[in-house]
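See structure below.
Start at 1 and go down the list; that is how both ligands and their atoms are numbered.
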Amino acid sequence: MTEQVRVRFAPSPTGHLHIGNARTAIMNWIFARHSNGVFVLRVEDTDMERSSEVSEKSILQDLRWLGLDWDEGPEVGGEYGPYRQSERLDLYKKYTEQLLKSGHAYHCYCTPEELEAEKKQALAAGAPVMYSGRCRTLTQEQKQRFEAEGRKPVVRMKYPEQPLSFTDLVKGELSFPPESNGDFVIVRADGVPTYNFAVVIDDGLMRISHVVRGNDHVSNTPRQLAVYHALGWNLPAFAHIPMILGPDRTRLSKRHGATSVDMYAQQGYLPEALINFLSLLGWSSESGDEILSVQRLIEEFDFSRVSKSPAIFDVEKLNWMNGVYIRETDPARLAELCLPYLKKAGYKLPEQPVLEKIVAAVAKSMERLEDVIARAELFFTDDIQPENEEAARFLNKETTQKVFWSFLRQLDRIEVLNADTFRKIMKTVGQETGVIGKDLWMPVRIALTGQAHGPELPAVVEIFGKQRCYRLIKSRIIE
Ligand code: GLU
């Protein structure tokens with residue numbers, strides 16, 4: 001039997017869920033679902049100063065919003081818990097002691113000033129900047145003297161003298177020479193473990209089979225390998241996925257616009273659009289298709305199609321994709337999704353069936369849910385004005401008045417105004433006035449909506465109803 005796939009997403013709760021981290025979470029989740037594996041959520045909160053419960057909550061909330069459910073982790077528990085690093089300090093302590101005992105780690109008493117001086121010296125000599133390892137060989141007496149001085153030691157890992165290598169599922173064979181790292185700190189003076197140590201203890205104890213994370217962590221991997229080797233643990237598979245860059249090819253940051261999942265949610269991107277878009281940052285489907293449902297992403301995922309080169313975040317493409325998903329959303333759900341925006345705009349909301357018709361009528365021109373505010377405004381105001389001079393010109397055409405008179409006469413004759421009866425009316429108006437094409441349709445469109453390219457007129461008219469249409473056309477009649 002092959003080993004069960006167990007992957008993890010390990011955010012540090014120091015802010016909102018960043019779009020790059022969301023992409024990492026998505027790839028892990030998709031790979032887990034693709035392989036019938038387990039998706040673990042682990043909160044890496046050992047940086048006590050920067051971590052907060054508020055951030056943890058918001059990250060969990062954003063993951064849920066994206067639809068990424070975790071099989072083990074905070075709030076759901078699991079066999080390998082606890083799943084917050086701050087609750088696992090005893091475990092780190094146990095393995096620190098083991099490494100001290102086996103001679104793979106040692107106490108280092110160097111002060112920040114001494115380390116700084118060492119660094120300066122190395123820089124001046126053009127040597128690589130790394131810890132000299134001078135506390136490796138302290139005698140018992142020297143240690144006691146430092147202790148007596150009140151120095152609090154850190155624990156350092158002896159960095160191996162052989163090259164360290166591993167095969168990355170994305171990048172292939174990678175090897176790091178001994179001089180790429182010095183002895184590194186695994187436990188700080190205050191007893192808190194560092195990332196490179198805690199991550200190994202957790203990935204090992206949680207039986208993680210694949211470590212899938214951003215390429216910015218490649219340089220950390222040799223240190224982590226050193227810890228695995230020292231403990232005699234098997235290595236997981238590693239897959240370092242390409243970084244996400246802005247259009248200017250610098251690392252994605254606030255300068256490029258919204259960077260956190262919650263900001264995208266607020267602007268009205270749909271979770272399924274964001275999942276689709278982010279999955280394609282560094283991965284592609286064999287079919288070349290771009291619109292891929294979560295189900296298809298899960299079916300088709302394969303590390304061999306993860307790219308080695310960085311991915312460019314193209315917000316135009318995201319907008320296009322989101323528009324596709326908005327148009328595919330059924331009116332009932334779309335109405336529900338648009339409701340907060342319409343409420344925020346202060347619109348007096350109609351009954352549910354009318355609301356559904358309104359959002360369906362404007363969905364075509366929406367790229368984000370927040371667009372509904374501007375697009376649907378005409379349904380919530382009595383003041384319909386031509387959007388520009390070109391539109392206004394249609395109201396003043398020579399033939400316009402007779403079109404409007406005829407329209408009102410026809411309107412008087414029907415009981416209910418709907419898309420069908422409206423089309424019939426327009427046909428009769430055309431016949432009666434002899435006006436055709438743009439000169440027939442545009443004046444009516446502008447009088448009713450103010451826009452030359454708005455939502456489809458029959459749909460608008462049906463929502464407006466007879467009275468409102470009558471009033472709007474009447475107001476353009478010059479007596
Ligand atoms: N807490 C680390 C981060 O957010 C996790 C890195 C890893 O996946 O190993 O970058």
Hey, what's the ring geometry for [X] with [Y], parallel, tilted or perpendicular (30° and 60° as the breaks)?
X      : Y      : result
Phe380 : Tyr347 : parallel
Tyr228 : Phe238 : perpendicular
Trp233 : Tyr95  : perpendicular

- Task: Give the atoms of ligand 1, by number and element, whose distance to some non-hydrogen atom of Val199 is under 4.0 Å.
- Result: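 Near Val199, meaning under 4.0 Å from one of its heavy atoms, ligand 1 has 9 (O).
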- In ligand 1, which numbered atoms sit nearer than 4.0 Å to a non-hydrogen atom of Arg213?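 Under 4.0 Å from Arg213, ligand 1 has these atoms: 7 (C), 8 (O), 9 (O).
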- Item | Polar atom proximity, Ala10 to ligand 1 (N or O, under 3.5 Å) |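 Between Ala10 and ligand 1 (N or O atoms, distance only) the closest approach is under 3.5 Å.
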- Can you find an N/O atom of Arg8 closer than 3.5 Å to an N/O atom of ligand 1?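 Yes; at least one N/O pair falls below 3.5 Å.
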- Query: Judged by non-hydrogen atoms, does Tyr195 sit under 4.0 Å from ligand 1?
  - Reply: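 In this structure, Tyr195 qualifies as a contact of ligand 1 - some heavy atom is under 4.0 Å.
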- Query: Do Arg88 and Asp202 come close enough that some side-chain heavy atom pair is under 4.5 Å?
  - Reply: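 Arg88 reaches Asp202 side chain to side chain.
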- Message: Looking only at protein heavy atoms, which one is nearest to atom 1 (N) of ligand 1, and what is the separation?
- Response: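 For this ligand atom, the closest protein heavy atom is Glu44 OE1, 2.6 Å.
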- Message: Suppose we measure from atom 10 (O) of ligand 1 to each protein heavy atom; which comes out shortest, and what is that distance?
- Response: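 Here the closest protein heavy atom is His217 NE2, 2.8 Å.
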- Item | Aromatic ring proximity Phe313/His256, centre distance under 6.0 Å |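 So the answer is no for these two rings.
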- Task: May I ask you to check whether Phe184 and Phe197 place their ring centers less than 6.0 Å from one another?
- Result: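 Between Phe184 and Phe197, the centre distance exceeds or equals 6.0 Å.
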